[in-house]
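Below: one structure, written as structure tokens.
Side chains included, hydrogens not; waters and symmetry mates left out as well; all remaining heavy atoms used. We name chains A, B, ... by the order of the sequence lines, and we start the count at 1 in each one.
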Amino acid sequence: MNFDFSEEQVMLRDSVARFIQDDYSFDARRKIAASDTGMSAEHWQTFAELGWLSVPFAEEHGGFGGGPVDVMVMMEEFGKGMVLEPYFATVILFGGLLQRAGSTEQQATYIPRIVEGNCLGAFAFTERQSRYELADVKTTATPDGDGFVLNGEKVVVYNGANADTLIVAARTGGEQCDEDGISLFILDAGAAGIDRMSYALMDGQRAANLVFKDVRLPADALLGEKDKAYPVMSWVVLEACVALAAEGLGIMGQLNTKTLEYTKQREQFGVPIGSFQALQHRMVDTFMSYEQTKSLLYRAVCTLEKEDEDPARDIHALKVMLDRAGRHVHSEAIQLHGGMGLTDEMDIAHYAKRLMMINATFGDGDHHQAQFNALSFA
Amino acid sequence: MNFDFSEEQVMLRDSVARFIQDDYSFDARRKIAASDTGMSAEHWQTFAELGWLSVPFAEEHGGFGGGPVDVMVMMEEFGKGMVLEPYFATVILFGGLLQRAGSTEQQATYIPRIVEGNCLGAFAFTERQSRYELADVKTTATPDGDGFVLNGEKVVVYNGANADTLIVAARTGGEQCDEDGISLFILDAGAAGIDRMSYALMDGQRAANLVFKDVRLPADALLGEKDKAYPVMSWVVLEACVALAAEGLGIMGQLNTKTLEYTKQREQFGVPIGSFQALQHRMVDTFMSYEQTKSLLYRAVCTLEKEDEDPARDIHALKVMLDRAGRHVHSEAIQLHGGMGLTDEMDIAHYAKRLMMINATFGDGDHHQAQFNALSFA
Amino acid sequence: MDTSFAPEDMAFRDEVRAFFADAYDDELRARLQHPTEYREAIIDWQRRLYDKGWIAPGWPKEYGGAEWTPTQNFIYETERAAAGVRDVIPFGLKMVGPVIYTFGNDEQKARFLPRILRSEDWWCQGYSEPGAGSDLAALKTRADLDGDAYVVNGAKIWTTYAQHSDWIFCLVRTSNEGKKQQGISFLLIDMASEGVKVNPITTIDNHHSLNEVEFNNVRVPVANLIGEQDKGWTYAKALLAHERTSIAGVADSRRALAELRRFAEQEVNAGKRKIDDPLFQKRLSDIEIELMALEYTDLRVLASVAAGGAPGAESSLLKIKGTEIQQAIQGLRMDLAGYYQGVLPTDLDPQALGHEFGSSARQAYMYGRAATIYGGSNEVQKNIIAKAVLGL
Amino acid sequence: MDTSFAPEDMAFRDEVRAFFADAYDDELRARLQHPTEYREAIIDWQRRLYDKGWIAPGWPKEYGGAEWTPTQNFIYETERAAAGVRDVIPFGLKMVGPVIYTFGNDEQKARFLPRILRSEDWWCQGYSEPGAGSDLAALKTRADLDGDAYVVNGAKIWTTYAQHSDWIFCLVRTSNEGKKQQGISFLLIDMASEGVKVNPITTIDNHHSLNEVEFNNVRVPVANLIGEQDKGWTYAKALLAHERTSIAGVADSRRALAELRRFAEQEVNAGKRKIDDPLFQKRLSDIEIELMALEYTDLRVLASVAAGGAPGAESSLLKIKGTEIQQAIQGLRMDLAGYYQGVLPTDLDPQALGHEFGSSARQAYMYGRAATIYGGSNEVQKNIIAKAVLGL
């Protein structure tokens with residue numbers, strides 16, 4: 001039993017850490033966030049050159065063949081730097097679906113493009129009414145000749161503003177919340193009939209609402225088996241939750257470290273505020289929240305690596321902890337920074353905002369606890 | 001708007017406080033708790049002489065005609081002294097049911113006896129399976145000539161060991177958990193067919209399990225309307241919850257005061273532990289828990305006094321708060337007393353135990369929160 | 001114990017309700033939400049209150065106040081929050097006004113009070129400094145006497161609405177002798193003076209209401225000194241106690257909770273309304289029960305003030321619990337907004353966006369973080385209770 | 001990262017399971033519950049472990065230990081708790097034993113270690129004093145050298161099982177010079193010595209396992225001094241680190257949680273099982289999720305120890321979280337017991353009483369209060385983390 005990283009994993013981690021150290025200062029990040037696209041195309045090319053975009057993909061398509069641990073070490077570093085580039089949306093979500101459901105041909109078409117930095121992807125699954133329920137799909141894809149016609153709307157699509165290629169969940173059978181009857185389609189984001197409304201989210205990323213009006217899809221736009229997309233989506237979402245948790249852990253660590261440093265420097269009543277025992281004990285509590293989250297992350301990753309075990313329960317638990325511990329850590333970080341934590345020019349609140357978006361993604365702690373309970377008390 | 005006590009209420013409070021000061025030291029209480037009956041018959045006579053046993057009863061039966069505030073000020077003082085004598089079981093519960101459901105004749109028979117200190121009563125309502133559900137009654141009273149025959153079992157009957165007279169909830173119609181079909185009967189605790197198994201509870205009081213085997217009851221044993229006891233029981237239980245909360249508040253106040261005193265005296269690392277800021281802030285938290293509980297108690301009492309308002313929601317809220325705040329206060333009191341709080345010879349843990357029994361009585365915080373929610377989200 | 005209202009209080013309540021229904025109309029509500037019109041709209045609203053005689057309920061009648069009873073105050077605040085009516089800008093009316101009529105000279109009273117009542121001057125508060133947060137008395141902004149004026153140098157921070165203000169009331173250091181609380185003076189400074197510079201601070205709710213205010217050799221006539229030189233700390237402390245009487249914010253939280261309920265009735269997951277979700281119900285009722293208690297804690301303090309007591313450390317309790325409840329509501333509202341919590345305000349139609357309260361949930365949550373920090377952080381409030389109530 | 005077990009570990013697990021199934025039989029279980037027979041039953045059980053060679057898994061082989069790997073230790077503890085097998089009495093085997101083989105002389109090793117392994121001597125711990133709780137080093141019990149013996153005067157408190165013990169290991173003051181941590185010595189004292197008096201302490205679970213131990217001119221041969229005089233604090237600290245390796249109690253909490261579930265399946269309110277109550281489910285899963293995390297925190301510390309690291313301040317985290325979880329389980333179990341939580345143990349048949357776990361819930365809850373106080377209170381553990389990990 002060990003929790004050590006392999007040599008390759010250490011190199012991967014250090015390479016991301018170095019990039020953030022050298023090229024991704026908080027000020028540099030602010031400029032990217034304020035740009036039109038909210039991301040740097042140049043950095044994206046760097047990601048490709050450094051091989052990061054290849055990490056989870058199979059070697060046959062130019063991937064690195066990495067596993068959950070490799071993804072974890074990268075995402076944790078991305079979290080520390082609050083990296084804006086759509087790694088999560090393109091590689092983890094969009095790429096994850098491709099990898100899991102795509103035909104050999106589809107994989108051969110899209111994965112190399114992702115790896116080379118020539119494809120920005122997005123997964124469109126949320127609808128106005130669906131909240132966190134993946135099976136709540138009203139968007140329809142009706143058969144039309146060999147292909148399909150897509151009608152409906154998706155909202156708050158991550159990287160929806162910049163994506164050139166979309167994977168869309170649509171109903172090809174069943175009723176509104178049925179798990180059966182959902183299919184995935186891969187299509188050009190500029191296809192005729194797609195109306196895109198873009199906006200920024202509080203964490204700096206660019207999302208979009210997408211309206212599909214009679215969008216014609218060829219037969220080979222179908223990704224995976226017709227009507228059977230739900231298990232695939234669920235699985236990729238579970239894996240994506242672990243990646244998000246790693247990013248969240250990176251953020252929590254930064255918040256704790258920066259708060260600790262601040263309390264050691266900031267003087268009030270003639271002494272550093274870090275010398276007040278009440279604050280010390282509270283920082284011990286946030287330290288423990290961090291460590292406990294890390295432990296559940298490791299637990300989930302280890303279970304994911306064992307192919308014969310169902311990771312769902314561990315991952316739901318992780319998402320619950322990420323909510324509770326993340327809220328605890330970001331609240332204390334802002335509170336202990338005093339007025340400074342409330343200013344937009346400091347990084348503290350930006351970390352907090354990203355942490356909250358991570359929390360909301362695929363369901364908050366309460367949502368996952370209900371799922372955890374459903375598995376525990378069936 | 002004011003929260004002042006009347007002159008009479010102040011006198012009542014002071015009279016109980018003086019009794020506890022003079023005659024109810026912790027050591028004196030220990031001796032009573034260790035005695036066979038777990039109460040002092042002599043003290044009970046004093047209660048009668050001082051008029052305490054008359055407080056909530058109507059003047060026509062020799063009562064004082066007191067209201068919820070009068071009961072509150074007394075119960076709070078009883079809480080401070082951890083008084084073992086069965087005031088709650090006899091006057092509040094048994095007496096409350098008599099007052100609310102009894103015929104003029106029944107009231108004229110029993111209330112003067114209570115007031116004079118010549119009746120120890122108990123209300124037998126809990127059954128093995130019933131937990132906190134008042135309507136869950138399996139004990140049956142079947143018609144028999146003019147009267148009834150009682151069969152069944154009641155458990156953890158407060159003051160069940162010492163009571164000479166019982167009020168028993170029994171089913172005269174309907175199914176196991178129906179609200180309709182429950183009736184109350186008043187009977188001699190020594191009646192033929194009653195098997196009594198007595199034991200002590202952790203707060204020092206003596207409870208009993210009672211088995212009824214073909215106990216014959218005359219027609220006038222019926223207390224209140226046949227089949228319609230549930231609303232009466234519910235109302236008396238609500239009132240009783242407020243009385244218990246007042247007792248609990250008295251305990252919480254004592255726990256906070258004693259803990260504060262202890263931390264001012266107890267030295268560690270060369271200074272009083274009360275000088276550690278982390279502990280100071282925790283004691284501020286327990287102070288706030290106490291004040292918030294007091295506020296909800298006052299709220300519930302004020303609503304009870306306004307006859308046109310339904311107090312149920314306020315009382316459920318109070319019972320929830322009593323659980324959370326009481327747990328918080330007693331846990332911190334034990335923790336901050338260190339090893340001393342764990343010894344049987346100090347009063348701290350005894351206060352905690354009584355507080356926990358109060359919490360369990362008529363349902364803990366979760367139970368009342370579910371009822372609060374049922375009223376709020378209907 | 002008696003918490004029923006007297007008939008005259010019931011009549012007052014009806015009057016308040018009628019006034020709000022009439023004077024706080026939809027057109028005014030719309031203007032108050034507008035990014036550029038809101039300053040003028042606030043002034044309009046305050047003028048209506050002035051015309052009604054309710055602009056300064058707590059001031060003595062001789063200075064134009066209403067001298068309401070604490071019960072009237074409570075009723076007004078309850079109705080105000082229930083009707084969703086915004087409070088007045090406090091800096092002139094609730095903060096510097098009472099200091100001026102209590103500690104100022106006749107000339108100052110005549111000069112400043114009427115203009116405050118008529119909302120002709122906007123005031124802001126110059127207490128906190130970049131180096132001194134909760135440790136207010138550690139302030140460094142200097143005022144050196146030079147002839148008939150003080151020359152002020154230094155900076156104030158977290159100054160709300162400085163960008164709109166005509167005047168700022170400041171604590172400044174006039175002496176370095178003795179304890180740090182001594183040697184502080186209370187100065188009124190014209191924001192139009194030469195050497196005053198306002199630097200905006202964007203806060204995490206992406207708004208600009210806070211500022212840093214710099215003073216570079218700003219000359220302030222000695223006539224603008226309140227009371228005696230070096231005694232300003234005493235005046236400021238008296239003001240702080242005054243400020244905390246309605247600090248619990250019970251009525252506003254009650255309104256926020258009702259809103260939350262409405263949202264939870266609309267929000268649906270897998271066909272189930274959030275309002276019917278037992279875990280959501282628990283979180284909501286956890287907050288509501290605390291608020292029901294705080295309402296009575298507030299009333300208890302109110303009753304003791306009405307009976308002539310001074311609101312002491314109890315106001316610290318009200319502040320701590322009040323802000324904890326506010327933040328709990330804001331947190332729950334964020335959760336309710338789901339993915340939409342992250343949406344930044346845009347010119348997009350909320351209908352097109354698909355959600356109406358996501359962005360406001362974010363803003364309330366972010367702005368709400370300030371409540372436990374400003375006006376004496378909750379940590380400082382705990383220190384106050386530990387010392388004043390627990391004797392530690 | 002790799003948390004799978006090697007084949008030899010799986011084989012070890014099977015061996016442990018088989019051994020428990022065979023050696024920890026029903027007859028032994030019954031005797032261990034008996035109020036008067038339990039002492040002899042414990043000794044019997046420890047002898048079976050001794051015969052198996054598992055009585056001292058952490059000791060070096062040269063002193064009769066098993067030198068298990070951390071993974072083996074983890075497996076053993078997991079299986080032990082899952083099977084409901086009680087741990088050995090720690091005072092000899094886990095506390096003084098390691099001090100003797102690490103810091104004692106050859107004579108002491110030969111004299112004491114074999115008797116500890118064979119459970120021939122019962123030991124108890126003499127650290128805390130009536131005046132010094134968490135501030136262990138403030139101890140006042142004096143040992144004055146008089147010829148070939150120390151003369152010991154003073155008192156120790158919270159001494160578990162002193163009433164059953166043959167020996168006590170004590171920290172005593174042999175010098176008042178320098179810092180308070182200096183001048184402390186580590187003495188082994190025969191409980192049969194003249195002048196030793198044991199005063200029972202009844203605890204809030206209505207049991208007697210704790211005691212005060214008084215020393216009145218007790219003569220202790222210098223041969224019973226461990227290591228050097230005045231250096232005892234160093235030895236005790238080394239022992240404390242040793243003690244905390246399995247402090248999280250994950251396996252025991254897991255068993256307690258499983259029990260709680262079983263009880264919640266039996267307990268019914270208005271026809272609904274508590275296990276199906278969403279609020280109960282939430283409270284249970286809140287605890288379980290923390291425990292799932294702690295299990296991996298424990299494993300991470302274990303892995304770092306296995307790789308040659310020393311368990312440092314991490315053990316403080318394990319203690320704090322571990323005891324918080326234990327107490328949360330105990331609290332939930334109390335709530336589940338409802339009215340029966342108050343029932344004191346009697347000779348009455350639980351069947352006649354109507355409930356099987358009420359009294360044990362009370363006992364576990366009350367006894368469990370000690371967990372956050374003894375062995376370095378959780379407040380002291382937080383101080384340790386603040387200093388050692390956070391550098392505050």
Could you look at B:His350 and say if it's the side chain, the backbone, both or neither that has a heavy atom under 4.5 Å from chain D? neither
Chain D heavy atoms under 4.5 Å from B:Leu279: which part of the residue, side chain, backbone, both or neither? side chain
Based on non-hydrogen pairs under 4.5 Å, which of [options] is most in contact with chain D?
options: B:Met357, B:Gln205, B:Met356, B:His337; answer: B:Met356
options: B:Glu127, B:Arg266, B:Glu267; answer: B:Arg266
options: B:Ala207, B:Cys177, B:Gly338; answer: B:Gly338

How many angstroms lie between [atom1] in [X] and [atom2] in [Y], if you round to the nearest 0.5 Å?
X: D:Leu336; Y: B:Arg131; atom1: CG; atom2: CZ; value: 5.5 Å
X: D:Trp158; Y: B:Leu342; atom1: CH2; atom2: CG; value: 6.5 Å
X: D:Met334; Y: B:Asn359; atom1: CE; atom2: CG; value: 9.0 Å
X: D:Ile157; Y: B:Thr343; atom1: CD1; atom2: OG1; value: 8.0 Å
X: D:Ile373; Y: B:Ile334; atom1: CD1; atom2: CD1; value: 7.5 Å
X: B:Lys353; Y: D:Leu344; atom1: NZ; atom2: CG; value: 7.0 Å

Chain B contact via [X] - side chain, backbone, both or neither, heavy atoms under 4.5 Å:
X: D:Arg362; value: side chain
X: D:Gln327; value: neither
X: D:Pro278; value: neither
X: D:Leu353; value: both

Considering only NZ, NE, NH1 and NH2 on the basic side and carboxylate oxygens on the acidic side, decide whether D:Asp335 and B:Arg327 come within less than 4.0 Å. yes
Option in D:Asn269, D:Val268, D:Asn206 with maximal non-hydrogen atom pairs under 4.5 Å from chain B: D:Asn269
Winner by heavy-atom pair count (cut-off under 4.5 Å) against chain B, out of D:Glu379, D:His355, D:Arg369: D:Glu379
